[in-house]
Amino acid sequence: MSTSKLAIIAGLFAFACSRPGAEQQTGGSMTTSKTHEYAIVIHGGAGTILREEMSPEKEAAYKAALNAALDIGEKILKDGGSAMDAVEQTIRSLEDNPLFNAGKGAVFNHDGKNELDASFMDGATRNAGAVGGVTIVRNPITLARAVMEQSPHVMLTGRGAEAFAIENGIDTVAPSYFFTQERWDALQRAKAVEKQKESESGMPAKANHKMGTVGCVVRDKQGNLAAGTSTGGMTNKRWNRLGDSPVIGAGTFADNNTCAVSCTGHGEFFIRYVVAYDVAALMDYKNLSLEDATHTVVMDKLVKAGGEGGLIAVDKNGNVAMPFNSEGMYRGYSRPGERVVEIYK
Ligand code: ASP
């Protein structure tokens, strides 16, 4: 082949690789080099979502709730609103929906109470706020954001967090607001199983994992990232147990230079493996794509450790990832012209 023909072929190849939207194969996963104007990703919890217990009506209700939440966040983003506003408002709608284990519909602890945890992070500044074990705050995600914006601290818990909520005019409710029969029945079942296991082994039984935590990560039109997570934790939890959801770096993380992440699953593992930050660190230090970093953490590290769950993530270009190693994860995302809502693999 002549040198000039070779030069033309090389030029065409370089053009194809650099054009917006060109796709590259990176370590077995597809990463697009196109920058999406905005992207919003949500989850409604990962875990054992038994297909036999999922009626078509129930599945439709979950999908409708996920779509409604995405609609709220997407409208804010289309109108040029901030990633932080989109995260907060989207999570509020999931907290208000009794289908999910966050806000109304949160699981019960061992004493028959609802203790709520949430965290919030701004990727532009790496400011963050979190609350743990609150019992009267209608939307813990709003309180987590207020801790970030209106207090000198990052994490408040229990009665102090509630006093801060009242002082700052955050909506409070009677603890009975969070009651749902389904979660109450789940606690009774968990206690019965616990009793049986304890009498068999003579050891305290482990907390029982139920899914339904909610989370949202966003890239807005300005290129800013934000992340939030909200949960009632695990059914039958005791001793003021906190999971990963209110822990920045474990359940939630955002940094404009890498990604925004929100996790769901067996919180003790997500704390020990610092899951949300580990994804960002792999991107930062090892230059992995979002797809490869999230896959490494969820499908490799967590699987080896025995940590069940998943996460949602978005990077600075609006690439999204939603890996999980459990049976299912309520999840979805929207980008201009794209909408995906799924439960199973
Ligand atoms: N990660 C949450 C916790 O451990 C529970 C969940 O995501 O379902 O509190």
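In listed order, ligands and their atoms are each counted from 1. For reference, positions follow the sequence shown, starting with 1.
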Whether the side chain of Asn139 engages the backbone of Thr142 through a donor-acceptor N/O pair (distance < 3.5 Å, no angle test) should be reported.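 Here the side-chain-to-backbone pair does not exist.
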
Treating Asn109 as the side-chain partner and Asp111 as the backbone partner, does any N or O pair qualify as donor plus acceptor under 3.5 Å?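 It does hold such a pair.
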
Give the atoms of ligand 1, by number and element, whose distance to some non-hydrogen atom of [X] is under 4.0 Å.
| X | result |
| --- | --- |
| Asp244 | 1 (N), 2 (C), 3 (C), 4 (O) |
| Gly233 | 9 (O) |
| Thr213 | 2 (C), 5 (C), 6 (C), 7 (O), 8 (O) |
| Ser245 | 1 (N), 2 (C) |
| Gly267 | 4 (O) |
| Thr264 | 6 (C), 7 (O), 8 (O) |

When you measure from the heavy atoms of Gly265 to every atom of ligand 1, does any distance fall below 4.0 Å?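 Right, Gly265 reaches ligand 1.
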
4.0 Å heavy-atom contact, Arg241 with ligand 1: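 Distance cut 4.0 Å: Arg241 passes for ligand 1.
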
NZ on Lys191 to CD on Glu194, rounded to 0.5 Å: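 Rounded to the nearest 0.5 Å, the CD-NZ separation comes out at 7.5 Å.
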
Between atom CG of Asn325 and atom CG of Leu311, what is the distance when rounded to the nearest 0.5 Å?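 Nearest 0.5 Å value for the CG-CG distance: 9.5 Å.
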
I'd like a table of donor-acceptor pairs (distance under 3.5 Å, sequence neighbours excluded) in which one partner is a side-chain atom from residues 161-178, with atom names and distances.
residue, atom, partner, partner atom, Å
Glu162, OE2, Thr135, N, 2.5
Glu162, OE2, Thr135, OG1, 2.7
Asn168, ND2, Phe164, O, 2.8

Checking contacts here: is it the side chain or the backbone of Met329 that comes within 4.0 Å of ligand 1, counting heavy atoms only? Could be both or neither.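 For Met329, no heavy atom sits under 4.0 Å from ligand 1.
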
Does Arg92 pair with Glu95 as a salt bridge, N-O distance under 4.0 Å?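 Salt bridge between Arg92 and Glu95, a charged N being under 4.0 Å from a carboxylate O: no.
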
Between His43 and Ser262, do the side chains contain a donor N or O and an acceptor N or O under 3.5 Å apart?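 The criterion, which ignores hydrogens and geometry beyond distance, is satisfied for His43 and Ser262.
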
